[in-house]
Amino acid sequence: MPMFSLAYRSRNLIEGMFPDSLGEMQKLLDVSRARNAGLGVTGALIFNEGVFAQILEGDEAAVREIFKSIEKDPRHTGIVVLPSQTYDDRRFEKWSMAFVGPSKRASDYYERFSLINGFEWTRASAGALLEIVLDLVENENSAGTNPKLN
Ligand SMILES: Cc1cc2nc3c(=O)[nH]c(=O)nc-3n(C[C@H](O)[C@H](O)[C@H](O)COP(=O)(O)O)c2cc1C
């Protein structure tokens, strides 16, 4: 089955909104993992320097249903969606929602691709973002169930 993939970036508002921002982040991940698993959606969320980038993959209707909730979520703002992609096989098959928080490896990528100051959201960049996130998930996802905010 072709995988529909949706990627976006946004600005994290959790730290300003919740005194227990780590706890809130953990709650967000718990809810996301349960709902994604139920809908056969997989993906990854990366967070660094106040910026989220997320990739969701699965059946198009399921991904869009989840994204409808994400779009309305007050815990982030300034969502910029990349052109969607379709590919043959799931890339994040092991993760209902992998999570990678701040790390040296992530910071280098964020800097290189100007994720902080404005990623160039072209179709080519959607592929580049996918490769970045896959690399981070493979190397840094040991913290997967345990968000580190800084
Ligand atoms: C950055 C970010 C990423 C999120 N990722 C997901 C996700 O992958 N799956 C999911 O079900 N909810 C995700 N959520 C939470 C949804 O916005 C929403 O709270 C949740 O799905 C419950 O849906 P409901 O509010 O419509 O009941 C995310 C929220 C934020 C702020």
Side-chain angles (χ1 to χ4, degrees), residues 1-87 89-103 105-107 109-110 113-119 121 125-138 140-150:
M1 185 180 75
M3 281 296 121
F4 176 77
S5 164
L6 188 152
Y8 70 87
R9 69 170 207 154
S10 63
R11 187 154 286 279
N12 188 345
L13 297 177
I14 288 177
E15 276 170 308
M17 285 171 82
F18 299 91
D20 178 17
S21 49
L22 268 179
E24 187 60 28
M25 200 60 217
Q26 187 63 62
K27 244 197 293 179
L28 187 158
L29 289 173
D30 291 345
V31 168
S32 298
R33 287 172 177 150
R35 189 172 177 203
N36 293 2
L39 286 167
V41 168
T42 48
L45 175 66
I46 63 176
F47 164 64
N48 203 28
E49 305 270 357
V51 174
F52 282 125
Q54 186 174 31
I55 297 175
L56 296 156
E57 64 181 11
D59 170 64
E60 179 167 354
V63 169
R64 290 201 186 280
E65 183 181 327
I66 287 172
F67 188 63
K68 245 189 244 168
S69 296
I70 294 175
E71 270 184 315
K72 287 186 292 201
D73 198 311
R75 292 172 291 184
H76 63 168
T77 189
I79 296 175
V80 182
V81 182
L82 283 165
S84 50
Q85 294 186 292
T86 304
Y87 35 79
D89 300 308
R90 231 179 246 283
R91 298 301 183 84
F92 298 95
E93 60 182 345
K94 286 188 274 182
W95 298 285
S96 56
M97 187 47 57
F99 176 78
V100 178
S103 68
R105 198 180 191 92
S107 292
Y109 275 131
Y110 271 60
F113 288 87
S114 298
L115 267 171
I116 300 157
N117 297 315
F119 199 59
W121 295 101
S125 300
L129 183 70
L130 181 68
E131 296 310 318
I132 292 170
V133 173
L134 276 169
D135 177 74
L136 287 173
V137 165
E138 266 155 29
E140 307 276 357
N141 195 44
S142 52
T145 55
N146 184 14
K148 281 187 295 180
L149 288 187
N150 45 53

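Both counts, for ligands and for their atoms, begin at 1 and track the order of listing.
Against a heavy-atom cut-off of under 4.0 Å, L56 is close to the following atoms of ligand 1: 8 (O). Distances below 4.0 Å separate heavy atoms of D73 from the following atoms of ligand 1: 15 (C), 16 (C), 17 (O), 18 (C), 19 (O), 29 (C), 31 (C). The H76 neighbourhood of ligand 1 comprises atoms 1 (C), 31 (C), with distances under 4.0 Å to a heavy atom of that residue. Under a 4.0 Å criterion applied to the non-hydrogen atoms of R75, ligand 1 contributes the atoms 15 (C), 19 (O). For ligand 1, the atoms closer than 4.0 angstrom to any heavy atom of F52 are 1 (C). Interface atoms of ligand 1 facing Q54, defined by a heavy-atom separation under 4.0 Å, are 3 (C), 4 (C), 5 (N), 6 (C), 7 (C), 8 (O). In summary, the atoms of ligand 1 found under 4.0 Å from a heavy atom of Y8, numbered by their order in the structure, are 1 (C), 2 (C), 3 (C). Listed by number with element, the atoms of ligand 1 under 4.0 Å from a non-hydrogen atom of M97 are 8 (O).
For N12, no heavy-atom contact with ligand 1 is shorter than 4.0 Å. Contacts between V41 and ligand 1 below 4.0 angstrom, taking non-hydrogen atoms only, are absent altogether.
The protein heavy-atom contact nearest to atom 22 (C) of ligand 1 is R35 NH1, 3.9 Å. For atom 9 (N) of ligand 1, the closest heavy atom belonging to the protein is N36 OD1, 2.7 Å. The protein heavy-atom contact nearest to atom 31 (C) of ligand 1 is L28 CD1, 3.6 Å. Counting only heavy atoms of the protein, atom 14 (N) of ligand 1 lies nearest to S32 OG, 3.5 Å.
Looking at R105 and D135, their side chains come closer than 4.5 Å, going by heavy atoms from C-beta outward. Between L13 and P74, every side-chain heavy-atom pair lies at or beyond the 4.5 Å cut-off. By the 4.5 Å heavy-atom criterion applied to side chains, P102 and F47 are counted as neighbours. Side-chain contact between W95 and T42: absent, with no pair of heavy atoms (C-beta onward) separated by less than 4.5 Å.
With sequence neighbours left out, E60 forms a salt bridge (Lys or Arg N to Asp or Glu O under 4.0 Å) with R64.
Between E24 and R75 there is a salt bridge, with a side-chain nitrogen of the basic residue lying less than 4.0 Å from a carboxylate oxygen of the acidic one.
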Show the atom names and distances, to 0.1 Å, of all donor-acceptor pairs under 3.5 Å that link a side chain in residues 127-134 to residues at least two apart or in another chain.
none

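Within the 4.0 Å cut-off (strictly below), no protein heavy atom is located near atom 25 (O) of ligand 1. In this structure, atom 11 (O) of ligand 1 has a protein heavy-atom contact shorter than 4.0 Å.
Taking the six-membered ring where tryptophan is involved, the planes of Y8 and H76 are perpendicular, since the angle between them exceeds 60° and thus also 30°.
In terms of polar-atom proximity, defined here as any N/O pair under 3.5 Å, S69 does make such a contact with ligand 1.
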Evaluate the side chain to side chain contact (heavy atoms under 4.5 Å, CB included) criterion for residues N36 and L56: first the C-alpha distance (whole Å), next the side-chain angles of each, then the deciding distance (0.1 Å), finally the verdict. CA-CA 9 Å; N36 293 2; L56 296 156; 4.2 Å; yes
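The closest donor-acceptor contact from the side chain of R9 to the backbone of V80 lies at 3.5 Å or more, if one exists at all. Remark: side-chain polar atoms of E57 are paired, donor with acceptor, to backbone N or O of R91 under 3.5 angstrom.
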